[in-house]
Participant: 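Before we start, here is the structure in question, set down as structure tokens.
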Amino acid sequence: MPELPEVETTVRGLSQVLTGEKIIEVKVCRSNLRRPIPYDIQERLIGSTIISFDRRAKYGIIFNDREDALIFHLGMSGRWKINPETIEKHDHFILKTENNRCVSLYDPRRFGSLDLIKTKDLLIWPYFKKLGPEPLTGDFNLEYLKSRLARSATSIKKLLLNQQVVAGVGNIYACEALYQAGVHPERSGNSLNKQEIASIIEAIKEILQKAIAEGGSTLKDYARPSGELGYFSAQFKVYGKEDALCECGATIERSVMGGRSTFFCSSCQK
DNA sequence: ACTGGCCCCTGTACGC
DNA sequence: TGCGTACAGGGGCCAG
């Protein structure tokens, strides 16, 4: 589920209910997500006040007044519930605040993660250090991507999923962006000309922005923290549409690239 | 230095 | 109805 737009939506939702809140209770119901939740997370969070939020790639960041950054990754199936009515089997981590607000991290597959890092160490945190540029900033531009793709015989689809090439694009938006750019997913990085690379950049930025504006995509288990659903999934042109007709009249195809489903129209994408 | 392949884990959908 | 199988939005790690 959660690619950049969904994480951005989640961060905004959490920010609305938690900014300025003092944490009075922290529960770790299950400590082994992708990696263990830090053993000292309770003593470091309890009594602190949440001051701000940020997002890097598909990671959400919650800052407190002790210069600690709580970093979450939602993996494939994670989401935050706000003021949950009941605590279920897969609610692994719960925060309660002074004003009686409660959030829980729900993640059945446990591919997500929670880390607590000193703010000053964020730039050298290994998981952040290797990330490529944020797609919605000026760092993700023609000059950069051209040089990054020029030395790679890997397919453009796999390159877009590589977080070191561009941070935050996942399987859905990679498929949709390549469709919009008119570039076939199997094309190798070093086969793309300047115009095609420019189209890909433009498509990624546009699609991510649209998806954020729509509150992310809704698939099987995604909801905004408030419980509302996102609407971007209604705008998918190719993702999940194998055998359906493209707007051009051709049939949308599916193949597996790097173990991930890839959807495209070989008539529109060359 | 890159690459492909495998693995983590649970829930759901579908075919027999 | 029930069971086995395939598949799902992510990414780390390893061997080659």
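Convention: sequence-line order gives letters A, B, ...; per-chain numbering from 1. Every value quoted in this text rests on a predicted model; they were computed, and no experiment measured them.
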Participant: Quick one: do A/Asp68 and A/Lys118 make a salt bridge, cutoff under 4.0 Å?
Facilitator: yes
Participant: Between C1' on B/dT3 and CZ on A/Arg148, what's the gap in Å once rounded to a whole number?
Facilitator: 12 Å
Participant: Do A/Arg34's NZ or CZ and the ring of A/Tyr127 fall within the cation-pi criteria of under 6.0 Å and 45°?
Facilitator: no
Participant: Quick check: are there more than 12 heavy atoms from other residues, nucleotides or ligands sitting under 6.0 Å from CG of A/Asn100?
Facilitator: no
Participant: Take atom CZ of A/Arg260 and atom P of C/dA8, then tell me their distance rounded to the nearest Å.
Facilitator: 8 Å
Participant: Among the candidates C/dG11, C/dA8, B/dC2, find the nucleotide nearest to the side-chain atoms of A/Arg151.
Facilitator: B/dC2
Participant: Using only side-chain N and O atoms of A/His90, determine if any of them is under 4.0 Å from OP1 or OP2 of B/dG11.
Facilitator: yes
Participant: When only distance counts, do a donor and an acceptor, one from the side chain of A/Arg110 and one from the base of B/dC9, lie under 3.5 Å apart?
Facilitator: no
Participant: Check the distance between C/dG11's P and A/Leu161's CG and give it to me in whole angstrom.
Facilitator: 9 Å
Participant: May I have the distance from A/Arg56 (atom CZ) to C/dG11 (atom P), rounded to whole angstrom?
Facilitator: 12 Å
Participant: Choose from B/dT3, C/dC7, C/dG10 the nucleotide whose nearest atom is closest to any side-chain atom of A/Arg254.
Facilitator: C/dC7
Participant: Provide, to the nearest angstrom, the distance between the CG atom belonging to A/Asn162 and the P atom belonging to B/dG4.
Facilitator: 11 Å
Participant: Among B/dG11, C/dA8, C/dG12, which nucleotide has an atom closest to any side-chain atom of A/Lys130?
Facilitator: C/dG12
Participant: If you compare every side-chain N and O of A/Lys58 against the phosphate oxygens of C/dG11 (OP1, OP2), does one of them come in below 4.0 Å?
Facilitator: yes
Participant: So if I take every side-chain heavy atom of A/Ser261 and compare against B/dG4, C/dG10, C/dA8, which nucleotide ends up nearest?
Facilitator: C/dA8
Participant: Which comes earlier along DNA chain B counting from the 5' end, the contact point of A/Lys89 or that of A/Arg34, where each point is its nearest nucleotide?
Facilitator: A/Arg34
Participant: Base of B/dG11, side chain of A/Arg109 - is there a donor-acceptor contact under 3.5 Å?
Facilitator: no
Participant: So does A/Ser77 get a side-chain nitrogen or oxygen closer than 4.0 Å to the phosphate oxygens (OP1/OP2) of B/dT10?
Facilitator: no
Participant: Under 4.0 Å between any heavy atoms, over every strand shown, what does A/Ser113 touch: base, sugar-phosphate, or nothing? Just pick one.
Facilitator: nothing
Participant: In whole angstrom, give the distance that lies between atom CG of A/Leu74 and atom P of C/dG10.
Facilitator: 11 Å
Participant: Flag as yes if A/Phe111 stacks onto the base of B/dC8 (centroids under 5.5 Å, planes under 30°), otherwise no.
Facilitator: yes
Participant: Can you tell me how far C1' of B/dT10 sits from CG of A/Asn32, to the nearest Å?
Facilitator: 13 Å
Participant: Let me know the distance between CE of A/Met76 and P of C/dC7, rounded to the nearest Å.
Facilitator: 13 Å
Participant: Does CD belonging to A/Glu67 count more than 12 external heavy atoms closer than 6.0 Å?
Facilitator: no
Participant: Could you check which nucleotide pairs with B/dG11 in any of the strands shown, counting Watson-Crick or G-U wobble with both distances under 3.5 Å?
Facilitator: C/dC7
Participant: Expressed as a whole number of Å, how far does the P atom of B/dA1 sit from that of C/dG11?
Facilitator: 23 Å
Participant: Among C/dG10, B/dT10, C/dG12, which is the nearest nucleotide to the side chain of A/Glu3?
Facilitator: C/dG10
Participant: Could you verify whether a donor N or O on one side chain and an acceptor N or O on the other, from A/Asn99 and A/Lys22, lie under 3.5 Å apart?
Facilitator: no
Participant: Let's see if you can work this out: which of B/dT3, C/dG10, B/dG11 has an atom nearest to the side-chain heavy atoms of A/Thr154?
Facilitator: B/dT3
Participant: Within the structure, does a side-chain N or O atom of A/Ser155 lie under 4.0 Å from either OP1 or OP2 of B/dT3?
Facilitator: no
Participant: Looking at C/dC7, B/dT10, C/dG11, which one has an atom nearest to any side-chain atom of A/His73?
Facilitator: C/dG11
Participant: Cut-off 3.5 Å, side chains only: do A/Arg187 and A/Ser191 have a donor facing an acceptor?
Facilitator: yes
